[in-house]
Structure formats: structure tokens, C-alpha cells
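One-based numbering along the sequence shown.
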Amino acid sequence: LRQITDQLPYKLTAAQQRVLQAIREDLTSGKPMNRLLQGDVGSGKTVLAAIGLMMVIHHGAQTAFMAPTSILAEQHYKTIKNLFVTQGLLGENELQLLVGSTPEAEKKAIRDGLQSGEIKLVVGTHALLEDPVQFDNLQMAVIDEQHRFGVNQRALLRKKGNNPHLLV
């Protein structure tokens, strides 16, 4: 955790540190996390969610970050890439973006990487819910703007793992 937070281009606020500690406690509790993270635009929700995902990835599992639109998914993908791939904490091939407009050949490569476990973090839209998408070891899912997804859609993502941690 310290290695991850030390790589950030800024220091976390006291409130962000408290939330991060709560996420950490959830992840180590032995029970699946089911947490709602609320905050104003620009309050650091995405960074905190990404740090939680990185903690799970560090232990060898896979994670997913689902957003309601391609534009938002691409923003999250770029943020995570800038924070962790450029710092060497996540391999270039371990992070992928899967949206409806992803070319079919890329979709197949991403699906193969998820099924084999090579991809550790996939950021995407409803495309993550499609039947051909299977994970080797999905242990945490983040759903951004969860109110824009139906109950069944949120449940579909969770079913792609074995009762994974959930942060909305």
C-alpha cells in the first residue's frame, strides 16, 4: 500500500486516508466487501477505487472497473494507466479497456487475457457483462455511477467472480 501511495503525484488528504483504511480493512476482513463510496466530483473517488484494485492485484487476483459510458471508461483507463502503468506498478498488458466499440479482434484478445488471468485489471462498460467475458480469478469489482446500472447488471458482473469484493 505504501509503495502505491508513494507513487501518487500528490499526498492523500486525511479523509482519503480514512477511506483507504476502511477499504483495506474490508479487503482483509475475510468477508466480501460491499461498500458505497460517495463524494463530490474531484474528491478522489477514482484514485481510492484504483488503489483498492491495486491492493487486490498485488495478491495475484483480477479486478474490473465498470463505468456507464465509453467516455467515462476511457477516462478511468487513462487515469489508472498514468498512475500505475507509467510507474511500473502494473504491466502494460495487465491493464485493458473493453467497450462496445473495441474492435472484435481486440475484444477476443482481451477475453482470452481475462480467461487466462494475464489481464489483471479491465476497465469497461456494459461490454464487461457479455457472456463471452470470463475471468480466471475476479476478486474485486468497482462500479462507477452504480445508479446508472440495473440491479441485474450489477449482479451479472459479480457473478463473473466467486463473490468478489464490490465497491460502488
I need the single residue from L114, L128, L138 that forms a side-chain contact (heavy atoms from CB on, under 4.5 Å) with K160. Which is it?
L138

Less than 4.5 Å apart, any side-chain heavy atom of R158 and any of P32?
yes

Hey, are the side chains of V168 and V142 touching, using non-hydrogen atoms and a 4.5 Å cut-off?
no

Taking the side chain from Q96 and the backbone from G113, do they hold a donor-acceptor pair closer than 3.5 Å?
no

Check step by step if side-chain contact (heavy atoms from CB on, under 4.5 Å) holds for L48 and L37.
CA-CA 9 Å; L48 294 173; L37 178 56; 4.2 Å; yes

Mind checking the CG-CE spacing from L90 to M54? Nearest 0.5 Å is all I need.
5.0 Å

Pairwise side-chain contact, F65 with I143, heavy-atom cut-off 4.5 Å (strictly under)
no

I'd like to know whether CG of N162 has more than 12 heavy-atom contacts from other residues, nucleotides or ligands below 6.0 angstrom.
no

Is L72 reachable from L121 through a run of I, L, V, M, F, W or Y residues, each pair having side-chain heavy atoms under 4.5 Å apart?
no

Is a side-chain donor or acceptor of T5 paired with a backbone partner of L1 at a separation under 3.5 angstrom?
yes

Does Q62 reach the main-chain N or O of N137 with its side chain, forming a donor-acceptor pair under 3.5 Å?
yes

Considering all heavy atoms, the nearest Y77-V123 contact
N-CG1, 4.0 Å

Taking C-beta and beyond as the side chain, do L129 and V133 meet within less than 4.5 Å on heavy atoms?
no

Yes or no on side-chain hydrogen bond (donor to acceptor under 3.5 Å, both in side chains) for Q17 and Q21, after CA distance, side-chain angles and deciding distance?
CA-CA 6 Å; Q17 289 176 11; Q21 182 60 32; over 6 Å; no

So, the side chain of R35 versus the backbone of L166: is there a donor-acceptor pair under 3.5 Å, distance only?
no

Answer yes or no: are there more than 12 heavy-atom neighbours, outside R24 itself, under 6.0 Å from its atom CZ?
no

When you measure from the side chain of S116 to the backbone of D136, do you find a donor-acceptor pair of N or O atoms at a distance under 3.5 Å?
no

Which heavy atom of A61 sits nearest to which heavy atom of K120, and what is that distance?
O-CD, 3.8 Å

Using 4.0 Å as the upper bound for N to carboxylate O, is an ion pair formed by E106 and R111?
no

Could you work out, with salt bridge (charged side-chain N to carboxylate O under 4.0 Å, His left out) as the rule, every residue matching K107, not counting sequence neighbours?
none

How close do Q16 and G44 get, heavy atom to heavy atom, and via which atoms?
NE2-CA, 3.6 Å

Does CD belonging to E104 count more than 12 external heavy atoms closer than 6.0 Å?
yes

When you compare the side chain of Q7 with that of L89, does any pair of heavy atoms fall below 4.5 Å?
yes

Modelled atom types, side-chain donor and acceptor of H76 and D144, under 3.5 Å
yes

Do side-chain atoms of H165 reach the backbone of M140 as a donor and acceptor pair under 3.5 angstrom?
no

Grouping I, L, V, M, F, W and Y whenever their side-chain heavy atoms are under 4.5 Å apart, do M33 and V47 come out in a common cluster?
yes

Enter the distance from I57:CD1 to M55:CE here, rounded to the nearest 0.5 Å.
11.0 Å

Are L36 and M66 connected in the hydrophobic side-chain network, where two residues link if heavy atoms are under 4.5 Å apart?
yes

Point-to-point distance, once rounded to the nearest 0.5 Å, from NE2 of H126 to CG of L157
11.0 Å

Yes or no on side-chain contact (heavy atoms from CB on, under 4.5 Å) for T69 and T125, after CA distance, side-chain angles and deciding distance?
CA-CA 6 Å; T69 66; T125 58; 5.7 Å; no

To the nearest 0.5 Å, atom CG of L95 lies from atom CZ of F84 at 10.5 Å

All heavy atoms of A67 vs all of A73, minimum pair found to be CB-N, 3.8 Å

Hey, mind stepping through F135 and I119 against side-chain contact (heavy atoms from CB on, under 4.5 Å) and telling me if it holds?
CA-CA 9 Å; F135 292 81; I119 296 172; over 6 Å; no

Interatomic spacing from OG1 in T46 to CG in L53 - rounded to 0.5 Å:
10.5 Å

Say whether, by atom type as modelled, one donor and one acceptor occur between the side chain of K45 and the main chain of Q38 under 3.5 angstrom.
no

Gap between atom CD1 of I51 and atom CG of L83 - 0.5 Å precision
8.0 Å

Distance-minimising heavy-atom pair for A127 and G100:
CB-N, 4.0 Å

